[in-house]
Amino acid sequence: MPELPEVEIVKRGLEKAVLGQRIKRLSFNRPTLRLPLPVELPAQLAGQRFDTFARRGKYVIALCDGGYGFILHLGMSGVIKIIPAGEAYSPAKHDHVVFEMEDGGHIVFNDPRRFGFLKATTHDTWHLDNAFAGMGVEPLSNDFSGPVLARVLKGRSGPIKTALLDQKVVAGIGNIYACEALYMAGISPKRVAGSVQGKRAAALAGAIVEVLGLAIESGGSSLKDYYHADGSLGYFQHSFKVYDREGAMIDDQYPVKRIIQGGRSTFYCPAKQR
DNA sequence: CTCCTGTCCTGCCGGC
DNA sequence: TGCCGGCAGGACAGGA
């Protein structure tokens, strides 16, 4: 579920809550998520301070002053919960990873479907991790533009919607924001990806930047200090134009349709997207 | 290379 | 009320 905006909010929330704070203890409540949890990590991180949080695509990178750290992916259903110092932490179902901070606060990774994972890494090597090999341009960086998008789409014969979900094309876009950006740009999800060039590519790049930026903004502003009352980070109220709105009317007359592409739902408004 | 399918796992919702 | 099928925001492997 978490796409780039939600992951960005998680990263900012962690910065706000525990940057510079010392970890007292890290514990795992099961041996494996999507990948085995790194058994060496609790010993590496005990007593260390968080000194860096970063995001690349849908990944959060967390590093400590001792040089060790981890790369986190929230999968489909993962959330980070922050329980501030002074509040009691009561373990909940699917709390798989628990950081107990020196000040008494807790950071918890909860993931019912267990598609998420956590990998050990270091300050010096995290950027070399396989997770980032071949990953596409960061859409909110200065490196992203219409011409750049046009270049990575060139020659692709599959539909544009499916291409946008490929993390090698653009980093961090998932099913929701692929649908929303295509709607905003007026481009049909069924259009051949390679035909999104020139003006269309510029419009789509602009729409991607806008829709991701707005989502981060609304997440940041609608969350008190970036976390919910229950402490969970990573979800916030969105208002989507087409996603999950099959049958809704655009301009009171054009219905939103749902189709399947690459085994996943696509929502779009045929009358408004070509 | 690109594309297509299946798979991992739990929870929730709608229909009967 | 309960049971069952379908579907869910992701990513990767394997085969064509």
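So that the names make sense, note that chain A is the first sequence line, chain B the second, and so on, each numbered from 1.
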**Q** Quick one: does Ser188(A)'s side chain get under 4.5 Å of Arg274(A)'s, heavy atoms only?
**A**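 Of all side-chain heavy-atom pairs linking Arg274(A) with Ser188(A), none is under 4.5 Å.
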**Q** Check this for me: does any side-chain nitrogen of one of Lys241(A) and Glu180(A) sit under 4.0 Å from a carboxylate oxygen of the other?
**A**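 Here Lys241(A) does not pair with Glu180(A) in a salt bridge, since their nearest N and O are not under 4.0 Å apart.
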**Q** Does Tyr177(A) offer a backbone N or O that forms a donor-acceptor pair with the side chain of Glu3(A) under 3.5 Å?
**A**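 Yes; at least one donor-acceptor contact below 3.5 Å.
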**Q** Send over the distance from Gln261(A) CD to dC7(C) C1', rounded to a whole Å.
**A**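 Rounding to the nearest Å, CD of Gln261(A) and C1' of dC7(C) are 17 Å apart.
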**Q** I'd like to check Met101(A) versus Phe50(A) (side-chain heavy atoms, cut-off strictly below 4.5 Å). Are they in contact?
**A**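 When only atoms from C-beta onward are counted, Phe50(A) and Met101(A) do touch, with a gap below 4.5 Å.
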**Q** Does OP1 or OP2 of dG10(C) have a side-chain N or O of Gln167(A) closer than 4.0 Å?
**A**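 False: Gln167(A) side-chain N/O out of range (4.0 Å or more) of dG10(C) OP1/OP2.
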**Q** Side chains of Asp95(A) and Tyr89(A): do they bring a donor and an acceptor to under 3.5 Å?
**A**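 On atom types as modelled, these side chains qualify, holding a pair under 3.5 Å.
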**Q** Between N or O atoms, less than 3.5 Å apart, protein on one side and nucleotides 2-5 of chain B on the other: list the pairs.
**A**
residue	atom	partner	partner atom	Å
dC3(B)	OP1	Ser157(A)	N	2.7
dC3(B)	OP1	Ser157(A)	OG	3.4
dC3(B)	OP1	Gly158(A)	N	2.6
dC3(B)	OP2	Arg156(A)	NE	3.3
dC3(B)	OP2	Arg156(A)	NH2	2.8

**Q** For dA8(C) and Ser265(A) - does any side-chain N or O of the residue sit under 4.0 Å from the phosphate oxygens OP1/OP2?
**A**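 The answer is yes; a side-chain N or O of Ser265(A) sits under 4.0 Å from OP1 or OP2.
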**Q** Between Lys93(A) (NZ) and dG11(B) (C1'), how many Å, whole number?
**A**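 The answer, rounded to whole Å, is 9 Å.
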**Q** Give, for atom CG of Leu4(A) and atom CD1 of Ile176(A), the distance between the pair rounded to the nearest 0.5 Å.
**A**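 Here the interatomic distance stands at 12.5 Å.
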**Q** So, is Arg258(A) close to the dA8(C) phosphate, meaning a side-chain N or O under 4.0 Å from OP1 or OP2?
**A**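 Affirmative; the distance criterion is met.
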**Q** Taking NZ, NE, NH1 and NH2 as the nitrogens, is one of them in Asp51(A) or Arg49(A) under 4.0 Å from a carboxylate oxygen of the other?
**A**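 Looking at Asp51(A) and Arg49(A), the cut-off is not met.
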**Q** Got Phe144(A) and Glu138(A) here, is their nearest side-chain heavy-atom distance under 4.5 Å?
**A**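 Result no, sub-4.5 Å side-chain heavy-atom pair not found.
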**Q** Got Phe99(A) and Leu14(A) here, is their nearest side-chain heavy-atom distance under 4.5 Å?
**A**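 Phe99(A) does not reach Leu14(A) side chain to side chain.
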**Q** Tabulate atom names and distances for all N/O pairs under 3.5 angstrom spanning the protein and nucleotides 7-9 of chain B.
**A**
residue	atom	partner	partner atom	Å
dC9(B)	O3'	Arg114(A)	NH2	3.2
dC9(B)	O2	Arg113(A)	NE	3.0

**Q** Quick one: stems for DNA chain B, with Watson-Crick or G-U pairs under 3.5 Å, at least three in a row?
**A**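 As far as DNA chain B goes, consecutive pairing (with distances under 3.5 Å) yields the stems B:2-8 with C:10-16, B:10-16 with C:2-8.
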**Q** Measure the distance from CG on Leu4(A) to P on dG10(C) and round it to the nearest whole Å.
**A**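 Answer to the nearest Å: 11 Å.
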**Q** Mind calculating the distance between NZ (Lys58(A)) and C1' (dA11(C)) to the nearest angstrom?
**A**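 So the NZ-C1' distance, Lys58(A) to dA11(C), works out to 8 Å.
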**Q** Could you check how far CZ of Arg264(A) sits from P of dA8(C), rounded to whole Å?
**A**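 Computing the Arg264(A):CZ to dA8(C):P distance gives 8 Å.
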**Q** Does the pair Phe132(A) and Tyr59(A) meet the rule for a ring-ring contact (aromatic ring centres under 6.0 Å, His included), with working shown?
**A** CA-CA 9 Å; Phe132(A) 308 121; Tyr59(A) 292 85; 5.3 Å; yes
**Q** Taking CD from Glu246(A) and P from dG6(C), how many angstroms apart are they, rounded to a whole number?
**A**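 From Glu246(A) CD to dG6(C) P: 16 Å.
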**Q** With distance as the sole criterion, is a donor-acceptor pair present between the side chains of Asn175(A) and Lys161(A) under 3.5 Å?
**A**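 Looking only at side-chain atoms, Lys161(A) and Asn175(A) do form a donor-acceptor pair, the distance falling under 3.5 Å.
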**Q** Starting at OH of Tyr177(A) and ending at P of dG10(C), how long is that distance when rounded to a whole Å?
**A**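 Going from Tyr177(A) (OH) to dG10(C) (P), I get 10 Å.
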**Q** Just so I know, are the side chains of Arg191(A) and Arg200(A) near enough to count as touching, which here means a heavy-atom distance under 4.5 Å?
**A**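 Yes; the side chains approach each other to less than 4.5 Å.
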**Q** Whether Tyr243(A) contacts dG9(C) is assessed here as follows: a side-chain N or O lying under 4.0 Å from the phosphate OP1 or OP2. Is that the case?
**A**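 Tyr243(A) to dG9(C) OP1/OP2: side-chain N or O found under 4.0 Å.
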**Q** So, is His73(A) near the phosphate of dA11(C), with a side-chain N or O under 4.0 Å from OP1 or OP2?
**A**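 Yes, within the criterion.
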**Q** Using the C1' atom in both, what is the distance from dC3(B) to dG9(C), to the nearest Å?
**A**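 So the two C1' atoms sit 23 Å from each other.
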**Q** With P as the reference atom in both, quote the distance from dC3(C) to dC9(B) in angstrom, rounded to an integer.
**A**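 Straight-line distance between the two P atoms is 23 Å.
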**Q** Rounded to whole Å, please give me the gap between CG in Asn130(A) and C1' in dA11(C).
**A**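 From Asn130(A) CG to dA11(C) C1': 13 Å.
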